[in-house]
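Reviewing the structure listed below.
Atoms within each ligand, like the ligands themselves, are counted from 1 in listed order. Positions are given from 1, in the same order as the sequence printed here. This one's a predicted model, so the numbers in the text were calculated from it and none came from an experiment.
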Amino acid sequence: MKMLVKPMGRGYMTNCYILIKNNRSIVIDPGIGSVEWIVRNAPDPLAALNTHGHSDHTYGCAILQQELKIPIYIRQEDNFMLNIDYFGMNQRPCVADYLVSDEEPITIGDFCFKFVYFPGHSPGCSMIEFEDRIFSGDFIFNDCVGRYDFPTSNGSDMKRSLEKFMRLYGADGIDDRPLYPGHDKPTSIQKARAFIPKFIAMIDNQ
Ligand SMILES: [Zn+2]
């Protein structure tokens, strides 16, 4: 599987990813300014997946869906953010084609992935897990966790989600798959496990 990445949107630098396999592609987080790049670089796109509903990650969804007929996937709790202009960025509204409500594997063409639910940064925040890599959105970054002080964020949910991460990933010390975040450089499961407890303790003390 080939992967392309490009930070999108001045002031946001939100990573848009394209995964390519057998001349078909999947887009992850088609944010502001991403459509032209997607059209040029994503062969025959099968779907656009959103780690969460914030505009800097979803700005291109309506155009991809309505003009390029690419189906949009998002966890159901964040769909409402596609309908409103959450950050006042003149985002064209849309309703996702697939509202994800569980963590079951989803197969589209030759791609298999699942949405793993980690609310806190937003109500429907998810990591999108492929076999060999995980897209962590704004949940886990290179050396910190995502913000949980937005109006629709929730610190208690964030704490539970971080605990869930520690249970699900890498407790064996072996699983060290890369995590590709919504902003900045990649990290890995073991690197994240090293800093997450500090953030869990920080939330405890708030
Ligand atoms: Zn966000």
Donor + acceptor pair across side chains of S122, D78 (<3.5 Å): yes
Donor on one side chain, acceptor on other, Q76 and S101, under 3.5 Å: no
For the Zn ion (ligand 1): the N/O/S atom of D138 at shortest distance: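 Result for D138 and the Zn ion (ligand 1): OD2.
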Whether D56 has an N, O or S atom under 2.8 Å from the Zn ion (ligand 1): no
N, O or S of H52 under 2.8 Å from the Zn ion (ligand 1): yes
Opening angle between ND1 in H54 and NE2 in H121, taken at the Zn ion (ligand 1), to 10 degrees: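 ND1 of H54 and NE2 of H121 make an angle of 90° at the Zn ion (ligand 1), to the nearest 10°.
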Ion pair check, D44 and R24, cut-off under 4.0 Å: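 Result for this pair is yes, salt bridge flagged.
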Audit row: F135, F130, ring-ring contact (aromatic ring centres under 6.0 Å, His included) steps and yes/no: CA-CA 8 Å; F135 295 89; F130 288 73; 5.8 Å; yes
